Protein chains: 2
Amino acid sequence: MSAQETNGTLVPPSVHEAIGLRLAGLDQRYTPMRRVLVETLAQAGHPVTIPEILSSAPGLPQSSAYRNLTALMEIGVVRRVAGADDHGRFELAEELSGHHHHLVCARCGKVEDVHPSPRLERALGEAARAVAAEQGYEVTDHQLDLMGLCPLCVER
Amino acid sequence: MSAQETNGTLVPPSVHEAIGLRLAGLDQRYTPMRRVLVETLAQAGHPVTIPEILSSAPGLPQSSAYRNLTALMEIGVVRRVAGADDHGRFELAEELSGHHHHLVCARCGKVEDVHPSPRLERALGEAARAVAAEQGYEVTDHQLDLMGLCPLCVER
DNA sequence: TTGCGAGTGAGAATCATTCTCGGATACGCT
DNA sequence: AGCGTATCCGAGAATGATTCTCACTCGCAA
């Protein structure tokens, strides 16, 4: 089963619309390449490295991938997350992909998404505000990274 | 007032002892430079970049700083955390510095430590195990990053 | 059609980090 | 004390991810 068959749930047209509008507002264009990048990130379901992106879209020049990812970051559509290795990883902003946290394998560096229970989310939100206020910070966002071993690496 | 005068509370002798023992176990030495690095990280109270380390210890060669930080990472005494900018940040392992989370300023990249309330910590621990088990992960550690604006950047 | 601003791709440039290597230093052994 | 060996040190080169440059192309509007 290809991801295409279920893309209705993966990349709703409204997402592309929203991105197109934001780009237009800055006199920028939602080119096919940018669309491909957004689709790729959306369908991956976890933060993706540049090599992964390049191998999933053969022929795509590295410099263009970086340039467009940066452009998408600047309009707040894409976010960069740091993993265990020295490759940056890119994912769609939570605004588009839904709020989630990360499961990081300490051995192989893989990163997966996890979606928190409402109960945990409520506790996190409260705690974040309280703790941050103590130091004069104004928290807009939070992220929980769970470090451990993925199923494959557990078997050793 | 020099930091030396209060070092009793900042870097308990037991910490240096423990590090010395671990290094000895791997036929490595706890050299003065490594000791300085540990003191620096302990006294900073937040993750520190290489430039910060170098400017707080004039004359210290960059390559040596990296080499020794790496050595300390390999024995699990130092941990590397990624910030918003493209500089790695180093901190003492939680085992030595106490469990804590990070407050990250989205504007200036500064990172501060925050110490969680027991209630939050309990909720996080439980949630971590539950969520991770669902995907077959074995979680050993977790970290909460609170993103927002630091007091200085709020004033704009 | 023409003009202009944005996008593209190849390669060079940048910059944090890692590696290399000759010399200095510390610890174990006799 | 003297020696041998393994570790450590510092300076600079090498690596590699990311960013920049620039000439060319493309899409849109007048």
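Side chains are part of it too, since the values below use all heavy atoms of this structure and drop only hydrogens, waters and symmetry mates. Every chain is numbered from 1 and lettered A, B, ... according to where its sequence line falls, protein lines coming before strand lines. Quantities reported herein were computed from a predicted structural model and do not represent experimental measurements.
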*Asks:* Please check this pair: side chain of A/Arg80 against backbone of A/Phe90, looking for a donor-acceptor N/O pair closer than 3.5 Å.
*Replies:*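 Not a single qualifying donor-acceptor pair exists.
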*Asks:* May I ask you to list the residues of residues 59-68 of chain A, by number, that have any heavy atom positioned under 4.0 Å from an atom of DNA chain C?
*Replies:*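 Hits under 4.0 Å, by residue number: A/Pro61, A/Ser63, A/Ser64, A/Arg67, A/Asn68.
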*Asks:* Starting at the 5' end of DNA chain C, which residue's closest nucleotide do you reach first, B/Ile50 or A/Leu26?
*Replies:*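 Nearest-nucleotide comparison on DNA chain C picks A/Leu26.
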*Asks:* Would you indicate which nucleotide in D/dC8, C/dT8, D/dG10 comes nearest to any side-chain atom of B/Thr31?
*Replies:*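 In terms of side-chain proximity for B/Thr31, the closest of D/dC8, C/dT8, D/dG10 is D/dC8.
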*Asks:* Let me know, please, whether B/Gln28 or A/Gly88 comes out on the 5' side of the other along DNA chain D by nearest nucleotide.
*Replies:*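 In this pair, the answer is B/Gln28.
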*Asks:* For the aromatic rings, using the six-membered ring if either is Trp, is the centroid distance between B/His142 and B/His101 under 6.0 Å?
*Replies:*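 Centroid distance B/His142-B/His101: below 6.0 Å, so yes.
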*Asks:* Would you mind reading off the distance between A/Arg35 atom CZ and C/dG7 atom P, rounded to a whole angstrom?
*Replies:*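 Rounded to whole Å, this separation is 14 Å.
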*Asks:* How long is the line joining CD1 of A/Ile53 and P of D/dT18, in whole Å?
*Replies:*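 Checked: the CD1 to P distance equals 10 Å.
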*Asks:* First locate atom OG1 of B/Thr49, then atom CG of B/Asp86, and finally report the distance between them rounded to the nearest 0.5 Å.
*Replies:*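 Here the interatomic distance stands at 10.5 Å.
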*Asks:* Using the ring of each side chain (for Trp, its six-membered ring), is B/His16 parallel, tilted or perpendicular to B/Tyr30, with breaks at 30° and 60°?
*Replies:*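 Plane angle between 30° and 60°, so tilted.
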*Asks:* Under 4.0 Å between a Lys/Arg side-chain N and an Asp/Glu carboxylate O for A/Arg34 and A/Glu74?
*Replies:*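 Result for this pair is no, no salt bridge flagged.
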*Asks:* In whole angstroms, how far is the P atom of D/dG16 from the CG atom of A/Leu54?
*Replies:*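 After rounding, the reported distance stands at 16 Å.
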*Asks:* Using a 4.0 Å cut-off on protein heavy atoms (strictly under), produce a 5'-to-3' string for nucleotides 25-30 of chain C with B for base contact, S for backbone-only sugar-phosphate contact, and - for none.
*Replies:* BB----
*Asks:* Test salt bridge (Lys or Arg N to Asp or Glu O under 4.0 Å) on B/Glu17 and B/Arg35 and set out the steps.
*Replies:* CA-CA 11 Å; B/Glu17 260 178 57; B/Arg35 195 174 288 259; over 6 Å; no
*Asks:* In whole Å, what is the span from the CD atom of B/Glu74 to the C1' atom of C/dC19?
*Replies:*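 The answer, rounded to whole Å, is 13 Å.
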*Asks:* Could you check how far OH of B/Tyr30 sits from P of D/dC8, rounded to whole Å?
*Replies:*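 Interatomic distance, OH of B/Tyr30 to P of D/dC8: 13 Å.
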*Asks:* Nearest whole angstrom, please: distance from the P of D/dA17 to the NE2 of B/His87.
*Replies:*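 Whole-Å distance recorded here is 18 Å.
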*Asks:* Hey, can you tell me if B/His115 and B/His100 have their rings parallel, tilted or perpendicular (30° and 60° cut-offs)?
*Replies:*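 If you compare the ring of B/His115 with that of B/His100, the planes turn out tilted.
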*Asks:* Rounded to whole angstrom units, what separation is found between the CZ atom of A/Arg80 and the C1' atom of D/dA17?
*Replies:*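 Roughly 8 Å, once rounded to whole Å.
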*Asks:* Atom CG in A/Leu92, atom CZ in A/Arg79: separation rounded to 0.5 Å?
*Replies:*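 Separation between the atoms: 10.5 Å.
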*Asks:* Expressed as a whole number of angstroms, how long is the span from A/Leu69:CG to C/dT8:P?
*Replies:*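 My rounded result for the distance is 12 Å.
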*Asks:* Looking at CG of A/Leu60 and CG of A/Leu37, how far apart are the two atoms once the value is rounded to the nearest 0.5 Å?
*Replies:*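 Interatomic distance, A/Leu60 CG to A/Leu37 CG, rounded to 0.5 Å: 6.0 Å.
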